[in-house]
2 protein chains.
Amino acid sequence: MESGVGVRECIEDYLGAIYRLRVAPESPLPLSALGEYFGFSPVSIHEMVQKLSQQGWIHYYPYRGVTLNARGEAVALALLRRHRLWERFLTDMLDVPWAEAHEIAGTLEHAAPESVTERLSALLGDPVSCPHGVPIPPSKRTYIDTCLRQAPLGARGRVTRIAPESGDILRDVQGWGLLPGRQITVVEKHEADIIVQVEERLVSIPVESANVIWIEVL
Amino acid sequence: MESGVGVRECIEDYLGAIYRLRVAPESPLPLSALGEYFGFSPVSIHEMVQKLSQQGWIHYYPYRGVTLNARGEAVALALLRRHRLWERFLTDMLDVPWAEAHEIAGTLEHAAPESVTERLSALLGDPVSCPHGVPIPPSKRTYIDTCLRQAPLGARGRVTRIAPESGDILRDVQGWGLLPGRQITVVEKHEADIIVQVEERLVSIPVESANVIWIEVL
DNA sequence: TAAAGTTATAAGGTATACCTTATAAAAAGA
DNA sequence: TCTTTTTATAAGGTATACCTTATAACTTTA
Ligand SMILES: [Mn+2]
Ligand SMILES: [Mn+2]
Ligand SMILES: [Mn+2]
Ligand SMILES: [Mn+2]
């Protein structure tokens, strides 16, 4: 009956809270701040802090507070990214009121693996801030992409980037609906153009344009 | 650090499993079936079954098995509805592969309150089956509706039902576009008819017809 | 530097949901 | 009917994440 994407929900929430509450990456966050944030007793906070420190998520400086180490910060950033993307989904696509979205996202944030998170981000148009204006941490995902020109016939993939970019090409790409994140399939390959399927549409891409469109083959 | 929509995640999963696995509502599901499904020991299953029975979610017939009572079935249906709607969201909007959607939905299913579930359903076009073809239980949302005849001038609402129904009336209603779910506004009230706005259209409804059209005032 | 305030630690407890081993009771089959 | 199989129950254990009360250690302030 385990949920989540690997790290325990509780641990994710502690790491996220440390990230949210800290004033600067290097200055330790007093345990009292965590106690207030969660409404837990100082003893309980101390217990969890010991555990987080032993398990290698944080640095604990007794009588001073905690900081995230690299591993803990990575989990915190991924959590906050998921949290804020779900918030955007809830407010932008489901019209959930602003004030409720935060709380609901507090559960959803633990439920999406990275692949789903990135697809969600693409669906939302890769927003850079949550409905409350807080920046959404960027994806730290590294993908291996292929130039559409080189993609084999029948390849199914996700548009990753337009590079090198130029005004003309960007306008064309927008017209074809080949924005980053879109799922496409290579349907035909000819001398002068490549036919790809985007959603229900078939579009013909001149090979010069196909040279600057990159996809991650899935 | 509690998630969920009220009922414990674990309890929801047990009730959902009983619903999924049962062959008929009345024939008890042997505990061994639950043990196999979850991969838990018979003793653990028995413990949980005792708890579910004590807490009033199921009937337990020793040596025969368990059935859901009304309360348990309501929770199971709501869970399976959420599960299958999230599956549709994952496959239809995020292009998550068929095979992965089920597992991811196994966590998301616990994370959406009813209002969010219904908005999600609407966003997806109120699908009636999951990507695997299994029917999605309908919303059991209860509304308080008013007869259109009685609805005050200016009232804005959603058509809930046509009752009592008859062939003639149904044909008229369809012609007016007053199908259940439609948003309408009462624009004018006269002796013999009521003028309502449906989408961009204005339609005149004879008072006799207005007697059998019910709306939920919003 | 001594008192006051804050933080840490020890000890014992709760609830949830899983586990194993052993035994008892009931149902099913030969 | 008698044996085998299935199901139930008792007893004791684990891990997680919270709790309270009491005491010890450290830091801050007067
Ligand atoms: Mn959370
Ligand atoms: Mn926010
Ligand atoms: Mn589940
Ligand atoms: Mn399904």
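Protein chains get the first letters and strands the later ones, always in sequence-line order, with residue 1 at the start of each.
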Inset, instruction - In whole angstrom, give the distance that lies between atom CG of Leu52(A) and atom P of dC18(D). - result: 10 Å
Inset, instruction - Output yes when at least one side-chain N/O atom of Gln50(A) is less than 4.0 Å from OP1 or OP2 of dT9(C), else no. - result: yes
Legend entry - Electrostatic pair Glu114(A):Arg81(A) at N-O distance under 4.0 angstrom: no
Inset, instruction - Evaluate the side-chain proximity of His46(A) to Tyr60(A): yes if any heavy-atom separation is below 4.5 Å, no if none is. - result: yes
Inset, instruction - Would you mind classifying the nucleic acid contact of Gly39(B) as base, sugar-phosphate or nothing, using non-hydrogen atoms under 4.0 angstrom? - result: sugar-phosphate
Legend entry - Along DNA chain C (nearest heavy atom to each residue), the more 5'-positioned of Pro30(A) and Ser44(B): Pro30(A)
Inset, instruction - From the options dT16(D), dC18(C), dC19(D), select the nucleotide whose nearest atom is closest to the side chain of Lys51(A). - result: dT16(D)
Inset, instruction - Could you check Glu118(A), Glu87(A), Glu12(A), Glu9(A) and say which one makes a salt bridge (Lys or Arg N to Asp or Glu O under 4.0 Å) with Arg82(A)? - result: Glu12(A)
Inset, instruction - Would you indicate whether the side-chain heavy atoms of Glu109(A) and Arg84(A) approach each other to under 4.5 Å? - result: no
Legend entry - Tyr37(B) OH - dC18(C) P separation (whole Å): 13 Å
Legend entry - Nearest-nucleotide pick for Phe40(A), side chain only, options being dT16(D), dC19(D), dC19(C): dC19(D)
Inset, instruction - Return no unless some side-chain N or O of Ser41(A) is found under 4.0 Å from OP1 or OP2 of dC19(D). - result: yes
Legend entry - Most 5' of Gln55(A) and Val43(A) on DNA chain D, judged by nearest nucleotide: Gln55(A)
Inset, instruction - Hey, can you tell me if Trp86(A) and Phe89(A) have their rings parallel, tilted or perpendicular (30° and 60° cut-offs)? - result: perpendicular
Legend entry - Side chain proximity check, Tyr61(A) to Val66(A), heavy atoms < 4.5 angstrom: no
Legend entry - dA8(D) OP1/OP2 closer than 4.0 Å to side-chain N/O of Tyr60(B): yes
Inset, instruction - Using whole Å, report how far OH of Tyr14(B) lies from C1' of dC18(C). - result: 8 Å
Inset, instruction - Would you mind reading off the distance between Met48(B) atom CE and dT16(C) atom P, rounded to a whole angstrom? - result: 10 Å
Inset, instruction - Assign Gly65(A) to base, sugar-phosphate, or nothing according to its heavy-atom contacts below 4.0 angstrom with the strands shown. - result: nothing
Legend entry - Spacing between Glu12(A) atom CD and dT16(D) atom P, to the nearest angstrom: 16 Å
Inset, instruction - Classify the side-chain pair Asp172(A)/Ser209(A) by whether it contains a donor and acceptor separated by less than 3.5 Å. - result: no
Produce the list of close N/O pairs, under 3.5 Å, pairing protein atoms with atoms of nucleotides 23-30 of chain C; give distances to one decimal.
| residue | atom | partner | partner atom | Å |
| --- | --- | --- | --- | --- |
| dA26(C) | O4' | Tyr63(B) | OH | 3.4 |

Legend entry - Phosphate OP1/OP2 of dT9(D) contacted by His46(B) side-chain N/O (<4.0 Å): yes
